[in-house]
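Below: one structure, written as structure tokens.
For the numbers below, each heavy atom of this structure counts, side chains included, while hydrogens, waters and symmetry mates do not. Here the structure is a predicted model, which is why all the values come from computation and not from measurement.
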Amino acid sequence: MINVLIHLVRANVVGCCAAILACGCSEAPPTPSTQAASSPAIVVVDRLARTVRFESPPERIISLSPAATELVFAIGGGEQLVGATEHCNYPAAALLLPRVGAGTLESMSREMIVGLEPDLVLCKWDYHQPLIETLEKLEIPVLALGADRLSELYDEAELLGRVCGRETESRAMVANMRSEIKSLTDRVAGVHVGDRPSVFYEVWDEPLMTAGPGSFIGELLELAGLRNIFDDTTARYPKISEEVVVARNPDLILAPSTHAAAVSLEKLGRRQGWSEITAIRDGRAHLVDGDCVSRCGPRLVTALREMIDAASKTAVDSPRESRP
């Protein structure tokens with residue numbers, strides 16, 4: 001009787017072990033998505049001091065800013081973009097993206113944005129706030145961006161690198177930009193401050209606006225070895241009068257190639273009193289690629305190069321005071 005019981009116990013133990021081993025062998029290994037889900041969440045803070053959390057890198061991104069679109073492409077995330085604005089025209093692949101509006105609040109199609117099923121929308125912090133609030137209510141993740149200094153651009157590149165799973169690419173992009181800018185600024189590093197040409201940069205024509213020292217364009221002018229005649233303003237993009245430009249008499253005038261339409265250097269010279277400005281009189285007015293210089297994005301390197309090239313053609317024999 002005892003032998004029978006021992007035999008039955010042994011049989012049950014062997015059966016249980018066999019069942020456990022069978023279950024272990026048939027269990028499928030974790031899928032990549034399961035492994036990704038267990039990875040730490042990505043938490044970032046945007047330009048509006050909003051804390052935004054991502055459980056995984058977004059796969060469907062809509063960009064509502066040309067600068068942000070260029071930045072995403074520059075860090076290798078172009079394939080994650082599924083929508084953009086009408087002004088997102090660089091690189092060429094950006095032209096193939098569905099358009100959700102012209103970039104302004106009035107032109108934006110909220111229905112199309114929602115219909116594209118984004119898991120991230122990139123907005124401008126300074127004029128997309130009502131849209132940001134709407135998207136938040138719909139539980140669509142939003143990041144408020146919009147750098148206005150090179151340091152902020154580098155920060156946003158690295159932030160997007162983290163969010164999009166492109167950290168290596170974003171670090172490489174920032175390092176490359178820093179290197180190119182250093183090579184360019186080395187060209188003008190030896191020029192004495194007093195020998196640097198004075199410059200007026202025209203941001204817009206009606207109303208007439210310029211770039212103050214707190215803007216990224218003002219920063220580019222300084223890096224290009226130029227003396228901004230409006231470096232005494234506290235506004236980033238102040239409105240000014242034509243008479244003050246004449247009175248401050250710049251050695252060089254720079255403007256983007258387009259405002260609402262193509263910029264004409266000939267028309268600049270026909271403004272009241274401007275024919276007496278040194279820059280106009282000596283033919284020292286130059287256009288800079290409008291898309292490169294008006295977007296705080298990766299192509300600021302190109303804009304800086306054009307500024308330095310223009311400055312190199314403007315020799316100042318001796319320092320002079322141009323302000324009244």
Query - salt bridge (charged side-chain N to carboxylate O under 4.0 Å, His left out) between Arg271 and Glu206, worked out - result: CA-CA 13 Å; Arg271 290 174 180 168; Glu206 294 180 9; over 6 Å; no

Query raised in the report: Can we say Asp231 and Arg227 salt-bridge, meaning some charged N sits less than 4.0 Å from an Asp/Glu carboxylate O?
Result: no

Requested in this report: Look at Arg187 together with Asp309 and state whether they make a salt bridge at an N to O cut-off of under 4.0 Å.
Outcome: yes

Query raised in the report: Would Arg53 and Glu55 satisfy salt bridge (charged side-chain N to carboxylate O under 4.0 Å, His left out), going step by step from the backbone distance to the final call?
Result: CA-CA 7 Å; Arg53 179 188 179 94; Glu55 299 303 328; 2.7 Å; yes

If you count heavy atoms of other groups shown closer than 6.0 angstrom to [atom1] of [X], is the number above 12?
| X | atom1 | answer |
| --- | --- | --- |
| Tyr237 | OH | yes |
| Glu136 | CD | yes |
| Glu222 | CD | no |
| Glu242 | CD | yes |

Report task. Quick one: do Glu276 and Arg281 satisfy salt bridge (charged side-chain N to carboxylate O under 4.0 Å, His left out)? Show the steps, please. Result -> CA-CA 6 Å; Glu276 298 304 314; Arg281 189 182 64 238; 5.2 Å; no

Give, for atom [atom1] of [X] and atom [atom2] of [Y], the distance between the pair rounded to the nearest 0.5 Å.
| X | Y | atom1 | atom2 | answer |
| --- | --- | --- | --- | --- |
| Glu158 | Met173 | CD | CE | 8.5 Å |
| Arg47 | Leu145 | CZ | CG | 8.5 Å |
| Leu252 | His286 | CG | NE2 | 5.5 Å |
| Gln80 | Ile75 | CD | CD1 | 7.5 Å |
| Leu81 | Phe73 | CG | CZ | 5.5 Å |
| Asp251 | Arg284 | CG | CZ | 6.5 Å |

Query - Minimum side-chain heavy-atom gap Leu64-Leu122 below 4.5 Å - result: no

Please check if the side chain of [X] supplies one atom and the backbone of [Y] the other of a donor-acceptor pair under 3.5 Å.
| X | Y | value |
| --- | --- | --- |
| Arg305 | Leu184 | no |
| Thr85 | Gly103 | no |
| Ser179 | Ala175 | no |

Query raised in the report: Looking at Leu223, Leu150, Leu221, Val293, which hits side chain to side chain contact (heavy atoms under 4.5 Å, CB included) with Leu304?
Result: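 When Leu223, Leu150, Leu221, Val293 are each tested with Leu304, the side chain to side chain contact (heavy atoms under 4.5 Å, CB included) holds only for Leu223.
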
**Report entry** Among Leu226, Leu254, Val244, Ile240, the one residue meeting side chain to side chain contact (heavy atoms under 4.5 Å, CB included) with Phe200
**Finding:**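 When Leu226, Leu254, Val244, Ile240 are each tested with Phe200, the side chain to side chain contact (heavy atoms under 4.5 Å, CB included) holds only for Ile240.
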
Query raised in the report: Got a sec, which residues hit side chain to side chain contact (heavy atoms under 4.5 Å, CB included) with Ala255, two or more places apart in sequence or on another chain?
Result: Glu202, Val263, Leu287

**Report entry** Polar side chain donor-acceptor pair, Ser215 to Asp148, under 3.5 angstrom
**Finding:**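 There is no such pair between these side chains.
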
**Report entry** Verify same cluster id: Leu265, Ile277 (apolar side-chain graph, 4.5 Å)
**Finding:**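 Yes, because Leu265 and Ile277 connect within a single hydrophobic cluster, where side-chain heavy atoms sit under 4.5 Å apart.
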
